[in-house]
Novice: 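Dumping the structure here so I can ask a few things about it.
No experiment lies behind these values; they were computed from the predicted model shown. Side-chain atoms are counted along with the backbone in the values below, which use heavy atoms only and exclude waters and symmetry mates.
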Amino acid sequence: NKANLDWVSLLSFNEILRFAKYLGKIELQNGELDVISKVRNLVSHPTDQLVEEHKDVRRLSKAKHICYSLLLKMSI
């Protein structure tokens, strides 16, 4: 029953990030949002390989760097 879903269930991860950015809770560029969302979707919905090519390793590294930067900013 969809009436019993909470707000997190109704919004995609990307939408939650964009909303947090809109509210000024996080500072991310649109490209960074896309990288984080792509990696999150690959991990959460494993229909594709997480790493198929060398560029995928770079994407994982970039996502890690973006998330680490966000955590550092939030801890200050």
Side-chain angles (χ1 to χ4, degrees):
N1 184 346
K2 290 189 178 187
N4 293 329
L5 296 176
D6 59 8
W7 67 271
V8 176
S9 301
L10 296 173
L11 298 173
S12 71
F13 183 72
N14 188 286
E15 291 170 326
I16 293 169
L17 286 177
R18 290 186 188 283
F19 192 55
K21 179 182 172 186
Y22 175 78
L23 292 176
K25 300 298 181 184
I26 59 174
E27 294 179 26
L28 288 174
Q29 302 300 318
N30 287 337
E32 293 174 325
L33 286 168
D34 296 337
V35 169
I36 295 172
S37 291
K38 174 72 174 173
V39 170
R40 183 263 176 200
N41 288 339
L42 286 170
V43 170
S44 296
H45 310 289
T47 56
D48 295 326
Q49 295 290 322
L50 187 58
V51 176
E52 291 184 31
E53 301 175 16
H54 189 266
K55 67 178 184 169
D56 299 334
V57 175
R58 287 192 300 264
R59 181 181 58 220
L60 285 174
S61 177
K62 186 173 183 176
K64 178 236 170 211
H65 175 75
I66 294 166
C67 290
Y68 185 70
S69 296
L70 269 177
L71 289 172
L72 284 176
K73 289 176 188 175
M74 294 174 74
S75 67
I76 295 175

Novice: By the rule that ILVMFWY residues connect when side-chain heavy atoms come within less than 4.5 angstrom, directly or transitively, which residues belong alongside Y22?
Specialist: F19, L23
Novice: Could you tell me if the side chain of K38 sits less than 4.5 Å from the side chain of L42, heavy atoms only?
Specialist: yes
Novice: Could you tell me the separation between the OG atom of S69 and the NZ atom of K64, rounded to the nearest 0.5 Å?
Specialist: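 So the OG of S69 and the NZ of K64 are separated by 8.5 Å.
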Novice: Can you find a heavy atom in the side chain of N14 that is under 4.5 Å from one in the side chain of R40?
Specialist: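 They are not in contact (no side-chain heavy atoms under 4.5 Å apart), so the answer is no.
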Novice: So how far is it from I26 CD1 to K73 NZ, rounded to the nearest 0.5 Å?
Specialist: 9.5 Å
Novice: Quick one: pull up CD in E32 and NZ in K62 and give me the separation to the nearest 0.5 Å.
Specialist: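 Nearest 0.5 Å value for the CD-NZ distance: 7.0 Å.
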Novice: With a 4.5 Å cut-off on side-chain heavy atoms, are K21 and E27 touching?
Specialist: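 No. Closest side-chain heavy atoms not under 4.5 Å.
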Novice: Is there a path of hydrophobic side-chain contacts, each under 4.5 Å between heavy atoms of I/L/V/M/F/W/Y residues, joining I66 to F13?
Specialist: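 Cluster IDs for F13 and I66 match.
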Novice: Without placing hydrogens or testing angles, list every side-chain donor-acceptor pair under 3.5 Å for residues 49-56, not counting sequence neighbours.
Specialist:
{"unit_1": "H54", "atom_1": "ND1", "unit_2": "R58", "atom_2": "NH1", "d": "2.9"}
{"unit_1": "D56", "atom_1": "OD2", "unit_2": "E52", "atom_2": "N", "d": "2.7"}
{"unit_1": "D56", "atom_1": "OD2", "unit_2": "E53", "atom_2": "N", "d": "2.9"}

Novice: For L17, which of I36, D34, L11, L70 qualifies under side chain to side chain contact (heavy atoms under 4.5 Å, CB included)?
Specialist: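 Only match with L17 under side chain to side chain contact (heavy atoms under 4.5 Å, CB included): I36.
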